[in-house]
Amino acid sequence: MRLSHYFLPILRETPKEAEIVSHRLMLRAGMLRQEASGIYAWLPLGFRVLKKIEQIVREEQDRAGAIELLMPTLQLADLWRETGRYDAYGPEMLRIKDRHERELLYGPTNEDMITEIFRAYVRSYRDLPKNLYHIQWKFRDEQRPRFGVMRGREFLMKDAYSFDIDEAAARVSYNKMFVAYLRTFARMGLKAIPMRAETGPIGGDLSHEFIILAETGESGVFCNKDVLELPVPGADVDYDGDLTPIIRQWTTLYAATEDVHDGARFEREVAPEKRLHTRGIEVGQIFYFGTKYSVPMKAVVSGPDGADHPVHGGSYGVGVSRLVGAIIEASHDDAGIIWPETVAPFKVAILNLKQGDAATDGACEQLYKALTAKGVDVLYDDREERPGAKFATADLIGLPWQVLVGPRGLAEGKVEVKRRADGSRELMSPADAIARLSA
RNA sequence: CGGGGUAUAGCGCAGUCUGGUAGCGCGUCUGGUUUGGGACCAGAAGGUCGCAGGUUCGAAUCCUGCUGCCCCGACCA
């Protein structure tokens, strides 16, 4: 993509409404535009990141055996009345009437609907287990939206719903999602720590929040430093095998958010030099809720005994749009964003440091065409700007690699390849740069 | 939902107290000189001063009502 043809409205100054760093940087980098409190338009650069994150989530859900579908954003109020949630939910739920005065709502979640779909078709335990998910926009009318996409009212979420014949089987489904989440966040360059979460009225120990550590996080967290070094399961993990060793490994070391923190236990179990107290952002949550929806909604299957059994369910959320902000919170410096390569909107920026000069123009064109031909996502800064402005823009939008092409290097037949993450630079021939960046 | 702010050009702000026909920086446009960390010179465009009503000869400025947005708290993927 040539920057001169792209739509990248960079802001030089920080809009005053942005309080936290990810929000500031998303606005400054031309990723996002606020249309109303907690409601945003995703500009091209931001949209690319959103799609990258979404795709990683999708691939890991699929790998774990979940099946993608797509449910609507609008739901009938009557569906929610079956579970009593229409009245229970409160003003966070956006309620709408259509032209026939039928009551609708903009879905804040989809347990009711997926249960309705499930019960319409599935009759036998032989069809279980099933895990169905979708990636869809949700709306929760937060009293006070803030922090940009970290806590918007409209947000993109992956939510999966598992169905099993009994609690033991449901635990297996739960563990699959647990492992899938470890992989999902690791692929985005994040250290996500599963922390035991409140389970509400259902009880039990089957709920975890996945928290990433960030100084600017919304809640305080306490954990054993060793949890940061635990191995993430590889792509070859056998989801049909026994996952309990992985679960045990990841749930043994102390890790808790401040609302469930047990100071005495923390000091008893964790050596002083291993204690870590910092802040974190929740990016995912997994939850076993048993027959909470299947009983009132009569979602039952025939068991091997010939009797009807209400299915045991679980739900598994990932805040896809929130992750864009969370990744920035975890990965930035004073100059701007530092994208992990897996979610970067483009992999490489080419900076033409002397636009209009035949030699630099030519070298940039060759690099751009060669990298593009090899399938590398390249953003070529071909604007009529001074070098300083191009450096500042490239650092701000945080692409993992910058190729600096100017008369100084070209005099020796070299271009400079700069890694955004650590600022390291290396002079090399254009051919070597192409080989390096398309590897 | 309680408390506190704020609304003036694309962005950041001054002007409001003390009413008199709107200004600064950045950005944008034109021309020129520049070109390795956000250049310089000259010129130009761009604003129903959030909305509605009121007071006044005259309102960005005073009064009333409304709305948007932000911050703190409670709440939350």
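Below, chains carry the letters A, B, ... as their sequence lines are ordered, and counting in each starts from 1.
Interface residues of residues 418-430 of chain A facing RNA chain B, ordered by number: A:Lys418, A:Arg425; criterion, heavy-atom separation under 4.0 Å. Listed by residue number, there are no residues of residues 40-66 of chain A with a heavy-atom contact under 4.0 Å to RNA chain B. Contacts between residues 409-416 of chain A and RNA chain B, counted as heavy-atom distances below 4.0 Å, involve A:Gly409, A:Glu416.
The P atoms of B:rG12 and B:rC70 are separated by 13 Å, rounded to the nearest whole Å. Going from the C1' atom of B:rU64 to that of B:rA59 covers 15 Å, rounded to whole Å. Using P as the reference atom, B:rU61 and B:rU56 are 16 Å apart when rounded to the nearest Å. Taking atom P in both B:rG3 and B:rG15, the straight-line distance is 28 Å, to the nearest Å. Going from the C1' atom of B:rU18 to that of B:rC51 covers 27 Å, rounded to whole Å. Taking atom P on both B:rG23 and B:rU28, the two are 22 Å apart, rounded to the nearest angstrom. Rounded to whole Å, the separation between the C1' atoms of B:rG50 and B:rG5 comes to 16 Å. Distance noted for atom C1' between B:rA7 and B:rG43: 33 Å (whole Å).
Across the protein-nucleic acid pair, A:Gln34 atom CD and B:rC69 atom C1' stand 7 Å apart, rounded to whole Å. We find that CG of A:Leu27 is positioned 13 Å from C1' of B:rC70, with the value rounded to whole Å. Computed from coordinates, the A:Ile39 CD1 to B:rC70 C1' distance equals 16 Å when rounded to whole Å. Counting to the nearest Å, the P atom of B:rG37 and the NZ atom of A:Lys354 are 14 Å from each other.
Residues A:Tyr161 and A:Phe287 place their aromatic rings such that the two centres sit no closer than 6.0 Å. Here A:Tyr288 and A:Tyr174 keep their ring centres 6.0 angstrom or further from each other.
Nearest heavy-atom pair across A:Ala192 and A:Trp250 is O-CZ3, 4.0 Å.
With A:Tyr86 as the aromatic partner, A:Arg95 meets the cation-pi criteria of under 6.0 angstrom to the ring centre and within 45 degrees of the ring axis. Judged by the 6.0 Å distance and 45° axis criteria, A:Arg48 is positioned over the aromatic ring of A:Phe346.
How far CD1 of A:Ile397 is from CG of A:Asp381: 8.0 Å, rounded to the nearest 0.5 Å.
Under the side-chain hydrogen bond (donor to acceptor under 3.5 Å, both in side chains) criterion, A:Asp377 pairs with no residue at all, not counting sequence neighbours. A search for side-chain hydrogen bond (donor to acceptor under 3.5 Å, both in side chains) contacts involving A:Asp422 returns A:Ser424, not counting sequence neighbours. Every residue two or more places apart in sequence or in another chain was checked for a side-chain hydrogen bond (donor to acceptor under 3.5 Å, both in side chains) with A:Thr73, and none qualifies. With sequence neighbours left out, the side-chain hydrogen bond (donor to acceptor under 3.5 Å, both in side chains) criterion links A:Ser321 to no other residue.
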Tabulated below should be each protein N or O lying under 3.5 Å from an N or O of nucleotides 10-13 of chain B; please produce it.
residue : atom : partner : partner atom : Å
B:rC11  : O2   : A:Glu13 : OE2          : 3.3
B:rG12  : OP1  : A:Lys16 : N            : 3.1

What are the atom names and distances for every N/O pair under 3.5 Å that joins the protein to nucleotides 27-33 of chain B?
residue : atom : partner : partner atom : Å
B:rG27  : OP1  : A:Arg12 : NH1          : 3.1

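The partner of B:rG12 is B:rC24, by the rule that a Watson-Crick or G-U pair needs both atom distances under 3.5 Å. For B:rU55, there is no paired base (Watson-Crick or G-U wobble, both distances below 3.5 Å). With a cut-off of 3.5 Å on both pairing distances, B:rC75 has no Watson-Crick or G-U wobble partner at all. Pair assignment for B:rC66 gives B:rG50, based on Watson-Crick or G-U wobble hydrogen-bonding distances that are each under 3.5 Å. Of the nucleotides present, B:rG32 is the one that pairs with B:rC40 by Watson-Crick or G-U wobble criteria, both distances under 3.5 Å.
At a cut-off of 3.5 Å, with distance as the only test, a side-chain donor of A:Ser4 or A:Asp382 sits close to an acceptor on the other residue. Checking A:Asn352 against A:Tyr380 by side-chain atom types alone, a donor-acceptor pair falls below 3.5 Å.
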Decide yes or no on salt bridge (charged side-chain N to carboxylate O under 4.0 Å, His left out) for A:Glu426 and A:Arg436, but give the supporting numbers first. CA-CA 11 Å; A:Glu426 195 177 338; A:Arg436 168 80 60 88; 3.4 Å; yes
Evaluate the side chain to side chain donor-acceptor pair (under 3.5 Å) criterion for residues A:Asp159 and A:Gln136: first the C-alpha distance (whole Å), next the side-chain angles of each, then the deciding distance (0.1 Å), finally the verdict. CA-CA 8 Å; A:Asp159 40 326; A:Gln136 177 63 292; over 6 Å; no
Only pairs under 3.5 Å count here: list side-chain donor-acceptor contacts from residues 59-66 of chain A, not counting sequence neighbours, and write none if there are none.
residue : atom : partner  : partner atom : Å
A:Glu59 : OE1  : A:Arg187 : NH1          : 3.0
A:Glu59 : OE1  : A:Arg187 : NH2          : 2.8
A:Glu59 : OE2  : A:Gln55  : NE2          : 3.2
A:Glu60 : OE1  : A:Arg63  : NE           : 3.0
A:Glu60 : OE1  : A:Arg183 : NE           : 2.8
A:Glu60 : OE2  : A:Arg63  : NE           : 3.4
A:Glu60 : OE2  : A:Arg63  : NH2          : 3.0
A:Glu60 : OE2  : A:Arg183 : NH2          : 3.1
A:Glu60 : OE2  : A:Arg187 : NH1          : 2.9
A:Gln61 : OE1  : A:Lys158 : NZ           : 3.1
A:Asp62 : OD1  : A:Tyr133 : OH           : 2.7

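Put simply, the side chain of A:Glu282 reaches to within 4.5 Å of the side chain of A:Glu218, judged on heavy atoms. Residues A:Arg85 and A:Thr109 are in side-chain contact: their nearest non-hydrogen atoms beyond the backbone lie under 4.5 Å apart.
Base contact: A:Gly406 has a heavy atom under 4.0 Å from a base atom. Residue A:Leu351 is out of contact with every strand shown, counting any heavy-atom pair closer than 4.0 Å. Nucleic acid contact for A:Asp357: none, since no nucleic acid atom lies under 4.0 Å from a heavy atom of the residue.
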Nucleotide-resolved protein contact map, nucleotides 72-77 of chain B, B/S/- at heavy-atom distance under 4.0 Å: BBBBBB
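Heavy-atom distances to RNA chain B give each of A:Leu396 and A:Pro145 a nearest nucleotide, and the one nearer the 5′ end belongs to A:Leu396.
Among residue pairs with one or both ends in residues 350-372 of chain A, those qualifying as salt bridge (Lys or Arg N to Asp or Glu O under 4.0 Å) are A:Arg2-A:Glu365, A:Glu365-A:Lys369; sequence neighbours excluded.
Counting heavy-atom neighbours within 6.0 Å of A:Gln366 CD, excluding the residue itself, gives a total of 12 or less.
Between A:Phe185 and A:Tyr181, the ring planes lie perpendicular to each other; the angle is over 60°, past the 30° to 60° tilted range.
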